[in-house]
2 protein chains.
Amino acid sequence: MQSSKVMPIARLSLHDETVARLRTMITEGDLLPGSRIAERELCDRFGISRTPLREALKVLASEGLVELLPHRGARVTRLSEVELRDAFEIVATLEALAGELACRRIDEAALAHIEAVHLRMAEHYRRAELAEYFACNQIIHEAINRAAGNAQLTEMYALVSNRVRRARYMANHSPERWAAAMREHEEILDALRRRDGKACGPLLRAHLEHKLYTLTDGNVAP
Amino acid sequence: MQSSKVMPIARLSLHDETVARLRTMITEGDLLPGSRIAERELCDRFGISRTPLREALKVLASEGLVELLPHRGARVTRLSEVELRDAFEIVATLEALAGELACRRIDEAALAHIEAVHLRMAEHYRRAELAEYFACNQIIHEAINRAAGNAQLTEMYALVSNRVRRARYMANHSPERWAAAMREHEEILDALRRRDGKACGPLLRAHLEHKLYTLTDGNVAP
DNA sequence: AACTTGCATATTGAATGCAATCCTCGAAAG
DNA sequence: CTTTCGAGGATTGCATTCAATATGCAAGTT
């Protein structure tokens, strides 16, 4: 039993809980792109009625994670290579902005946190532990976003990056590219330390653009 | 009458229609920020039941146009000055990206269209016709976004700029600022003509940042 | 044999009903 | 006179029901 003091009866609406749950299932790959979403099945699985489920599907559709086909149900969105490129162009720009703003607004505690995670990431890189590396990587990018002190930016970043989250495992992680990514992270961190927003933004943007290149193997025109 | 081949009997769901209608009402100021949205009243007004209306409200909440208070209904979102600044930072960055991409991808027809609207806008400027000027202004910004050839960017731009659309009339339009805005538009158009993305992006960003300044009278730190 | 055509079934879209929660307003206590 | 409490009504959240549309299959036609 949870303490009623720290857990204010945790009463999230079924609707909100369903949105969060489905979103995680999609971004984490439990529901694969292109797969049909049967209302009835999910209702049974979640133990809820169709009303909150359908509300959740509409919200996820507006986030671009699912597509609603009139009278034919919902599918998990599948991005084309061009759409993947388009999303990355946006993510790269948003993160550049986040880095630039973070240089203005970050405090020492947040910077120290990023440095600590960076060290852990470097260690995972040395040991070639991909999943752990990605986890640290994502923590750093999210920390930079938070440090930017712009809640809407964090929201937009999450919105677009959710669409391409699954793609990160598709990347062709050559040792050379991985080494370059680590160097880029060093530079980014350094720019943050110097509070050099004019440098930090472009560095982050280039970093993300390189990542896109590894994802598509250069198949998509910029 | 349209050909029955190309128009398969326009059938939009009540839900989608309601989203569009409510969104317009909010961005155009028919529903004022902070005002309560009574489900029942809108149902009667639209002649629909609560189900599609509630679905629409959830979607608009995910777009940030309304806030849902658990068991207490919906209100039209009211942005603080800081949130207005945050939104503008994002819009400025997105539009800079749009301008940069447009320089790569715009064709002559789209450029000619922008030039035509620009001339109309200049004429409205000379006659000091504010509403008409704004209309042209918005058409140009939307055209640049479309010319970027990134559907998700257009979508994100609309998402964030919808939140601040109403604010444009709050701007302190001094003659000096208005003249400067026109000069900036000239420069932006010129960069587009030259396909100079490296110049066009920053010009657009600066243009939007100046606009924010006129909105807040410099009250908000950058 | 392949292609329509019509009907039965399944699924989605929207409306209604019911229980839980919140707000109003007045009365009573301090 | 102000504040607290609570009953009644209104509103929301969710489940259920009804209606509209699509899918699948079988029979009939060419």
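Lettering follows sequence order; numbering is per chain, from 1. In this text the structure is predicted, and so the values were computed from the model without any measurement.
- The only member of B:Leu97, B:Leu153, B:Leu101 that meets side-chain contact (heavy atoms from CB on, under 4.5 Å) when paired with A:Thr93 is B:Leu97.
- B:Thr18 contributes a side-chain N or O that, together with a main-chain N or O of B:Leu14, makes up a donor-acceptor pair within less than 3.5 Å.
- Applying the side chain to side chain donor-acceptor pair (under 3.5 Å) criterion to B:Arg105, with sequence neighbours excluded, gives A:Glu89.
- Across all strands, A:Arg40 comes closer than 4.0 Å to no nucleic acid atom at all (heavy-atom distances).
- Nucleotide C:dT11 holds its P atom 10 Å from the CD atom of A:Glu39, rounded to whole Å.
- Distance CG (A:Leu53) to P (C:dT11): 14 Å, rounded to an integer number of Å.
- Contact annotation: the side chain of B:Arg165 approaches that of B:Glu28 to within less than 4.5 Å [non-hydrogen atoms, C-beta and beyond].
- Counting to the nearest Å, the C1' atom of C:dG13 and the CD atom of B:Glu17 are 13 Å from each other.
- The closest side-chain donor-acceptor pair between A:His141 and A:Asn145, if any, does not fall under 3.5 angstrom.
- Within the 4.0 Å cut-off from OP1 or OP2 of D:dA15, not a single side-chain nitrogen or oxygen of A:Arg50 is found.
- OP1 or OP2 of D:dA15 lies within a sub-4.0 Å distance of a side-chain N or O belonging to A:Ser49.
- Side-chain N/O atoms of B:Arg72 include none lying less than 4.0 angstrom from OP1 or OP2 on C:dT21.
- Here the side chain of B:His71 is nearest to one of C:dA14, C:dT21, D:dC14, namely C:dT21.
- Atom P of nucleotide C:dT12 and atom CZ of A:Arg75 are separated by 12 Å, given to the nearest angstrom.
- Between the side chain of A:Glu39 and the backbone N or O of A:Gly73 there is no donor-acceptor pair closer than 3.5 Å.
- Shown for residues 57-67 of chain B: no residue has heavy atoms falling under 4.0 angstrom of DNA chain C.
- Checking D:dG13, C:dT12, C:dA15 against every side-chain atom of B:Pro52, the shortest atom distance belongs to C:dA15.
- Taking atom CG on B:Leu69 and atom C1' on D:dG13, their separation rounds to 14 Å, with Å as the unit.
- Proximity note for B:Arg36 (side chain, C-beta onward) versus D:dC14, D:dT11, C:dG13: the nearest is D:dT11.
- Under the salt bridge (charged side-chain N to carboxylate O under 4.0 Å, His left out) criterion, no residue pair touches residues 132-154 of chain A, with sequence neighbours excluded.
- Put simply, CD on B:Glu55 is 16 Å from P on D:dT12, counting in whole angstrom units.
- Here C:dG13 is the nucleotide among C:dG13, C:dA15, D:dA15 with the atom lying nearest to any side-chain atom of A:Arg54.
- We find that CD1 of A:Ile48 is positioned 12 Å from P of D:dT16, with the value rounded to whole Å.
- What separates CD1 of B:Ile37 from C1' of D:dT11 is a distance of 15 Å, to the nearest Å.
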